[in-house]
Amino acid sequence: HDGLLKEEYIPDVSVEHTAGNLWREMLRFKACISRLDDAFFCLYFPPEQERGYSRAGWFGNVLKEGLGEDPTNKERIAKLLRFVSTGSEGKADVTLEGYISRMKTGQDTVYYVIGDTPEAAAKSPLLELFKKKDIEVLLLSGPIDRWMMQFLTEFQGKKLVNIAKGDLDLGDLADKEEKEEKEKVQAEYKPLVDEFKAALGDSVEDVRMTLRLTDSPSCIVTDPNGLDPAFVRMMKAAGQDVPEPKPILELNPNNPLVSRLKEQGAFSPEWAKLFLEQAQLMEGEQLKDPAGFINRMNMMLMDTIGKKSVN
């Protein structure tokens, strides 16, 4: 309103003087924030078993957002995060420092997998080899974790790797025999892989054999440089036009179904589609043609029942 602030009340101060005062106040404010920062970190980050778990519940998602919004303090924020892992019995009490302290000899990577929920992530077939070798894997879940991992790619010199991306390379953790078997399997199953590729066409980026599975017949992974399929679905739901990445189908040569298909005359294109759809369901994806999937399942069941009746 007129008259609340009259010109004579405004001090006659030079621009240089004002700028100097402003700069001093900014420095003072920054120092204050830094001290508050330190106090918060000390309060929040006592020994893990005493307070960390409960306070992670209070600030968890806010801290995760901070990784992208405050890159200067990314390492400090990452120390505060708590995760569920394959070794935590469902409790979100695993820190990155704790994980690194338990890494096996020769391991130089922090492994993680993302599902819709920690429980869903824990059931991913991608974990089968890690469980066999007793290698701990972080179980992440939900949109916020997918977003967070775009920024959290390294911690204390250790890379964080999504086991659902690219070909699995365990480095020094892989046995010499495994490396030799992998080469042998690729050559032995090449005709079957070619049949899968022909049947699936451009619905997949690639088909290959893998030793990452111990029980499941198949799994899907994505290109290491590609977008996460769940992240793409989330962006599309928000109205964004995002190209959908094609999955890479991996087959387990030690699964009886896969080894049976290698026999002469056992393969059919319907089997290839069924293997892909099963793998997609295991990763929580929605099928583009659920009716076709049901028909294929019924056809396979009828075929099995028919053979048993004949016998």
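Model, not experiment: these values are computed from the prediction.
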>> Run the ring-ring contact (aromatic ring centres under 6.0 Å, His included) test on F267 and F196 for me, step by step, so that the C-alpha distance in whole Å, both residues' side-chain angles and the decisive distance to 0.1 Å come before the verdict.
In response: CA-CA 9 Å; F267 176 82; F196 264 81; 5.4 Å; yes

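- Between R102 and E136 there is a salt bridge, with a side-chain nitrogen of the basic residue lying less than 4.0 Å from a carboxylate oxygen of the acidic one.
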> Does the pair L67 and N73 meet the rule for a side-chain contact (heavy atoms from CB on, under 4.5 Å), with working shown?
Replying inline: CA-CA 8 Å; L67 288 170; N73 286 307; over 6 Å; no

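- Taking 4.5 Å as the limit, some side-chain heavy atom of T86 sits within range of a side-chain heavy atom of L139.
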>> Using the rule given for side-chain contact (heavy atoms from CB on, under 4.5 Å), can you reason through M209 versus K190, listing the C-alpha separation, both sets of side-chain angles and the distance that settles it, and then say yes or no?
In response: CA-CA 9 Å; M209 305 306 296; K190 188 179 184 305; over 6 Å; no

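- Residues L213 and L257 do not share a hydrophobic cluster, defined by chaining ILVMFWY side chains whose heavy atoms lie under 4.5 Å apart.
- I114 CD1 to L126 CG: the interatomic distance, rounded to the nearest 0.5 Å, is 11.5 Å.
- No side-chain donor-acceptor contact under 3.5 Å links D145 to the backbone of L140.
- A salt bridge between E270 and R296 is present, with a side-chain N of the basic residue lying under 4.0 Å from a carboxylate O of the acidic one.
- Interatomic distance, CG of D116 versus CD of E285, reported as 10.0 Å (0.5 Å rounding).
- Here the side chain of Q107 pairs a donor or acceptor atom with the backbone of K104 at under 3.5 angstrom.
- Under a hydrophobic clustering in which Ile, Leu, Val, Met, Phe, Trp and Tyr are joined whenever their side-chain heavy atoms come within less than 4.5 Å, directly or via other members, V110 and I77 fall into the same cluster.
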> Would L96 and Q156 count as a side-chain contact (heavy atoms from CB on, under 4.5 Å) if you check the C-alpha gap in whole Å, the side-chain angles of each, and the deciding distance to 0.1 Å?
Replying inline: CA-CA 9 Å; L96 290 174; Q156 293 185 352; over 6 Å; no

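- Residues S203 and K246 come closest through the heavy atom pair O-CB, 4.4 Å.
- Taking CG of N295 as the start and NZ of K273 as the end, the distance is 11.5 Å to the nearest 0.5 Å.
- Atom NZ of K132 has 12 or fewer neighbouring heavy atoms from other residues, nucleotides or ligands inside a 6.0 Å radius.
- With hydrogens and angles ignored, the 3.5 Å screen pairs a side-chain donor or acceptor of E128 with a backbone N or O of T214.
- Checking side-chain atoms of R212 against main-chain N and O of I163 turns up a donor-acceptor pair under 3.5 Å.
- A donor-acceptor distance shorter than 3.5 angstrom exists from the side chain of K74 to the backbone of F151, with no hydrogens or angles considered.
- Taking all atoms of both residues into account, the shortest heavy-atom contact from Y99 to T109 is OH-O, 4.0 Å.
- V204 and I248 fall into different hydrophobic clusters, where Ile, Leu, Val, Met, Phe, Trp and Tyr side chains are chained together by heavy-atom contacts under 4.5 Å.
- Looking only at side-chain heavy atoms (C-beta outward), F275 and V258 come within less than 4.5 Å of each other.
- Taking 4.0 Å as the cut-off between side-chain N and carboxylate O, D223 and K165 do not count as a salt-bridged pair.
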> T95 and L81: side-chain contact (heavy atoms from CB on, under 4.5 Å), yes or no, with the steps?
Replying inline: CA-CA 6 Å; T95 64; L81 299 174; over 6 Å; no

> D206 and K197: salt bridge (charged side-chain N to carboxylate O under 4.0 Å, His left out), yes or no, with the steps?
Replying inline: CA-CA 7 Å; D206 195 12; K197 287 181 179 179; 3.4 Å; yes

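- In terms of modelled atom types and a separation under 3.5 Å, the side chain of S259 and the main chain of N255 share a donor-acceptor contact.
- Annotation: cation-pi pair K262/Y189 present, NZ/CZ under 6.0 Å from the ring centroid and within 45° of its normal.
- L274 is not connected to M282 by any chain of hydrophobic side-chain contacts under 4.5 Å among Ile, Leu, Val, Met, Phe, Trp and Tyr, and they are in different clusters.
- Heavy-atom neighbours of E89 CD from other residues, nucleotides or ligands within 6.0 Å: at or below the threshold of 12.
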>> What verdict does the side-chain hydrogen bond (donor to acceptor under 3.5 Å, both in side chains) test give for Q278 and S218, after you've listed the backbone C-alpha separation in whole Å, the side-chain angles of each residue and the deciding distance to 0.1 Å?
In response: CA-CA 8 Å; Q278 283 183 335; S218 62; 5.1 Å; no

